[in-house]
Amino acid sequence: MSAVGLLRQIADVGRDRARGGYSRHLATAAESDLRDWFTEQAARRGLDVETDRNGNVWAWWGAPGDDAVVTGSHLDSVPGGGAFDGPLGVASALAAVDDLLARGFAPARPLAVVVFAEEEGGRFGVPCLGSRLLTGSLDADRARGLRDADGVTLAEALTARGGDPSALGPDPERLARVGRFVELHVEQGRALDVPVGIGSTIVAHGRWRLSFTGQGNHAGTTALTDRRDPMIPAAATVLAARRAAARAADARATVGRLVPTPGGTNVIASSVDLWLDVRTPSGEPGPVVEDVLAAAREAAAAEGCTVELVRESLSGAVAFDDALAARMAAAVPGAPLLPTAAGHDAGVLAAHVPAGMLHVRNPTGVSHAPDEHAEDDDVERGVRALADVLAEPAR
Ligand code: HGY
Ligand code: MN
Ligand code: MN
Ligand code: MN
């Protein structure tokens with residue numbers, strides 16, 4: 001079946017009627033439906049499916065074994081996300097298996113399609129949760145204690161869905177089986193003028209939470225001079241993020257989430273949490289974050305508020321494996337190298353195994369929003385490119 005047809009099968013799973021797009025998050029009904037869909041589609045192709053201790057789903061062509069060729073991506077989304085970020089890589093991997101089966105290809109080495117859990121961090125805040133736990137780059141106790149917007153911990157959420165949070169943790173034996181990992185992903189941004197590009201680098205990026213505390217009070221009966229309104233320094237910080245990024249070389253800083261407590265229209269907030277996402281092609285995001293924090297502290301002091309900064313995640317810059325990229329370029333003639341400012345599970349794996357990416361052209365350039373798109377013809381070109389890369393015999 002074509003990747004386009006496979007994507008169509010899940011087009012109604014996890015639609016977010018209130019916010020638009022898709023909200024498909026860890027340990028929810030939408031994610032269970034997607035896992036069931038993937039398991040059924042993998043079984044139809046004769047793949048043996050297993051779920052690892054961290055909730056990542058592996059579909060093996062042949063017995064699980066060493067030096068495996070592994071592909072895949074994620075099925076979860078950001079809140080209100082598009083249809084392609086994640087699912088395109090999974091659907092294309094299944095369609096690539098169909099393509100290889102149709103060619104009569106028999107893998108010389110174990111081949112697996114993997115679906116990583118909670119790549120977006122859309123519910124528990126840490127991106128690439130499943131691949132970070134697999135590789136040991138996220139402490140399992142910290143993961144168990146991560147809380148969602150309702151205060152539910154990851155451990156509670158997994159238990160509620162029949163999972164075993166005590167099993168979370170590094171999985172070195174499984175990681176050692178991976179000979180190479182190649183992730184196909186929809187392009188995020190607008191650079192490709194051909195259907196398929198080859199990932200070259202991922203910029204350093206991280207997430208910080210800033211918590212402002214003031215004095216909750218009545219919106220009408222509190223004189224301006226008596227206020228300690230945390231919304232004021234929070235607002236100043238949102239603007240400071242844009243200024244700090246503009247001052248740095250090609251950095252990007254975003255506040256996409258800001259939560260006042262208690263959040264009443266006629267209530268001066270007692271506290272405000274906001275989350276800062278910083279991406280920096282040139283080195284670590286630290287200096288940009290320090291710039292924002294200085295502005296946050298100044299604005300908080302002026303309003304009689306306090307501010308606390310907590311780093312929630314940090315990913316160093318990634319350069320994908322040159323030898324693998326060269327082999328991928330030979331398998332996909334005319335595909336240019338494409339740097340990206342988007343994080344991926346392939347970026348996490350790259351620190352442990354030879355990893356690479358294929359990006360499929362996105363004519364809108366939009367991602368993490370409903371306008372994210374890939375044309376059917378480009379999707380099919382991506383599937384053939386992935387099949388050729390997976391079939392490429394070199395070790
Ligand atoms: O946030 C990112 O860069 C990725 O799309 N998860
Ligand atoms: Mn994403
Ligand atoms: Mn993604
Ligand atoms: Mn009242």
Side-chain angles (χ1 to χ4, degrees), residues 24-26 31 34-35 38 51-59 68-78 81 84-94 96 111-138 143 168 170-172 174-188 198-207 279 313-321 324-325 328 338-360 367-368 382 386 389-390:
R24 297 161 163 171
H25 304 311
L26 185 62
E31 192 216 27
L34 291 166
R35 283 172 184 271
F38 175 73
T51 300
D52 71 17
R53 64 172 44 148
N54 295 304
N56 306 307
V57 187
W58 299 70
V69 177
V70 181
T71 184
S73 191
H74 60 97
L75 291 173
D76 67 294
S77 72
V78 295
F84 295 86
D85 178 348
L88 181 65
V90 175
S92 299
L94 292 169
L111 191 152
V113 179
V114 62
V115 175
F116 285 109
E118 181 83 340
E119 188 273 347
E120 296 291 2
R123 180 174 178 189
F124 293 98
V126 173
C128 300
L129 187 74
S131 55
R132 287 174 195 263
L133 284 166
L134 165 71
T135 57
S137 49
L138 172 66
L168 296 178
D171 200 340
R174 181 175 299 276
L175 183 60
R177 284 182 179 159
V178 180
R180 70 173 75 150
F181 176 68
V182 177
E183 178 171 4
L184 183 145
H185 204 281
V186 66
E187 178 188 17
Q188 296 167 299
I198 294 170
S200 54
T201 58
I202 297 178
V203 305
H205 60 283
R207 301 181 183 189
R279 319 263 172 143
S313 71
L314 180 64
S315 308
V318 170
F320 286 117
D321 184 89
L324 176 55
M328 291 168 68
L338 186 72
T340 181
H344 299 282
D345 292 308
V348 174
L349 271 286
H352 304 271
V353 300
M357 291 193 74
L358 290 173
H359 296 275
V360 173
S367 185
H368 287 185
L386 180 60
V389 167
L390 296 178

Chemist: Quick one: do Val186 and Val360 satisfy side chain to side chain contact (heavy atoms under 4.5 Å, CB included)? Show the steps, please.
Modeler: CA-CA 5 Å; Val186 66; Val360 173; 5.5 Å; no

Chemist: For the side chain of Arg177 and the backbone of Pro172, is there at least one donor-acceptor N/O pair under 3.5 Å apart?
Modeler: no

Chemist: Are Arg180 and Val70 side-chain neighbours, meaning at least one heavy-atom pair lies under 4.5 Å?
Modeler: no

Chemist: Yes or no on side chain to side chain contact (heavy atoms under 4.5 Å, CB included) for His185 and Leu358, after CA distance, side-chain angles and deciding distance?
Modeler: CA-CA 6 Å; His185 204 281; Leu358 290 173; over 6 Å; no

Chemist: Answer whether the closest heavy-atom distance between the side chains of Val182 and Leu324 falls below 4.5 Å.
Modeler: yes

Chemist: Taking all non-hydrogen atoms of both residues, which atom of Ser131 and which atom of Leu349 are closest, and how far apart?
Modeler: CB-CD2, 3.9 Å

Chemist: How long is the straight-line distance from CG of Leu129 back to CG of Leu138, given to the nearest 0.5 Å?
Modeler: 6.0 Å

Chemist: Please round to the nearest 0.5 Å and tell me the distance separating atom CG of Leu184 and atom NE2 of His344.
Modeler: 10.5 Å

Chemist: Please find the pair of heavy atoms, one from Gly72 and one from Val113, that lie closest to each other, and give the distance.
Modeler: CA-CG1, 4.5 Å

Chemist: For Glu183 and Ser73, which heavy atoms make the closest approach, and how far apart are they?
Modeler: OE2-OG, 2.6 Å

Chemist: Just do the side chain to side chain donor-acceptor pair (under 3.5 Å) check on His74 and Asp345 with the steps written out, would you?
Modeler: CA-CA 8 Å; His74 60 97; Asp345 292 308; 5.6 Å; no

Chemist: I need the minimum non-hydrogen distance between Leu338 and Glu187, along with the two atoms involved.
Modeler: CD2-CG, 4.4 Å

Chemist: About how many Å separate CG of Asp171 and CG of Leu133, when rounded to the nearest 0.5 Å?
Modeler: 10.0 Å

Chemist: Could you go step by step and tell me if His25 and Asp76 meet the side chain to side chain contact (heavy atoms under 4.5 Å, CB included) rule?
Modeler: CA-CA 5 Å; His25 304 311; Asp76 67 294; 5.5 Å; no

Chemist: Provide the closest heavy-atom pair for Ile202 versus Gly343 in the form atom of the first, atom of the second, distance.
Modeler: CG2-CA, 4.1 Å

Chemist: Under 3.5 Å, side chain of Asp321 to main-chain N/O of Ala355, donor-acceptor pair present?
Modeler: no

Chemist: Which pairs would a plain distance check flag for residues 121-128, meaning a side-chain donor or acceptor within less than 3.5 Å of a matching protein atom at least two apart in sequence or in another chain?
Modeler:
from	atom 1	to	atom 2	distance (Å)
Arg123	NE	Asp148	OD2	3.0
Arg123	NH1	Leu26	O	2.9
Arg123	NH1	Ala27	O	3.1
Arg123	NH2	Asp148	OD2	3.0

Chemist: Taking Arg279 for its side chain and Ala341 for its backbone only, find out whether a donor-acceptor pair lies under 3.5 Å.
Modeler: yes

Chemist: Donor-acceptor check, side chain of Thr51 to backbone of Val57, threshold 3.5 angstrom: yes or no?
Modeler: no

Chemist: Out of curiosity, His352 NE2 to Ser137 OG, how far, rounded to the nearest 0.5 Å?
Modeler: 5.0 Å

Chemist: List for me each residue that meets side chain to side chain donor-acceptor pair (under 3.5 Å) alongside Asn56, sequence neighbours excluded, and say none if there are none.
Modeler: Asp52

Chemist: Using side chain to side chain donor-acceptor pair (under 3.5 Å), reason through Arg132 and Ser315 one step at a time and then give a plain yes or no.
Modeler: CA-CA 11 Å; Arg132 287 174 195 263; Ser315 308; 2.8 Å; yes

Chemist: Show the nearest heavy-atom pair for residues Ala319 and Thr201, with the distance to one decimal.
Modeler: CA-CG2, 4.2 Å

Chemist: What about the rings of Phe181 and Phe320, do their centers lie closer together than 6.0 Å?
Modeler: no

Chemist: Side-chain contact test, heavy atoms from C-beta onward, threshold under 4.5 Å: evaluate it for Arg24 versus Pro87 and give yes or no.
Modeler: yes

Chemist: What do the steps show when you test Gln188 against His368 for side chain to side chain contact (heavy atoms under 4.5 Å, CB included), and what is the final call?
Modeler: CA-CA 9 Å; Gln188 296 167 299; His368 287 185; 3.9 Å; yes

Chemist: Rounded at 0.5 Å granularity, tell me how far CD in Glu119 sits from CG in Asp85.
Modeler: 6.5 Å

Chemist: Measure the spacing between CZ of Arg53 and CG of Leu168 and express it to the nearest 0.5 Å.
Modeler: 9.0 Å

